[in-house]
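A short write-up of the structure that comes next.
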Amino acid sequence: MKKFASGLALAVIGSIIAGSPAIAGSATDALTTCVADNTTGKDRKDLAQWIFVAMTAHPEIKPFSNVTEANRDEVDKKLANLATRLLTG
């Protein structure tokens, strides 16, 4: 379930952040506005942490970080809570 929540959060938030102009439309604009209006600076920092931690899982980057499994679990939970709040709020 944790991997599903993390994957879902990545898909939702990643599509919002990296929104492609080719698919931009009123629905995309509405979703972007909704996310922007319902996230805080802390939420965006939590997202940045999660992206960093996800990148450090790559075998070629892992030697350059000290991210522990406990850190990874903590950041995953924060992002899962954020995604849940955005999708159900």
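Values in this document were obtained by computation on a predicted structure and should not be read as measured data.
- Salt-bridge check for Arg72 with Glu69: passed, with a basic side-chain N closer than 4.0 Å to an acidic carboxylate O.
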Query - Residue pair Lys42, Asp46: steps toward the salt bridge (charged side-chain N to carboxylate O under 4.0 Å, His left out) verdict - result: CA-CA 6 Å; Lys42 183 181 180 325; Asp46 288 346; 3.1 Å; yes

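- For Asn38 against Leu86, the heavy-atom pair with the smallest separation is O-CD2, 3.8 Å.
- The two residues Gln49 and Val75 have their closest heavy-atom pair at C-CG1, 3.9 Å.
- Linking Ile, Leu, Val, Met, Phe, Trp and Tyr residues whenever their side-chain heavy atoms come within less than 4.5 Å places Val67 and Met55 in a single cluster.
- Taking the side chain as every heavy atom from C-beta outward, Leu47 and Leu79 approach each other to under 4.5 Å.
- Under the 4.5 Å side-chain criterion, counting only non-hydrogen atoms from C-beta, Trp50 is in contact with Asp76.
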Query - Worked check of side chain to side chain donor-acceptor pair (under 3.5 Å) between Thr68 and Asn71 - result: CA-CA 5 Å; Thr68 65; Asn71 298 136; 2.9 Å; yes

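- For Thr84 and Asn81, the side-chain atoms include no donor-acceptor pair closer than 3.5 Å.
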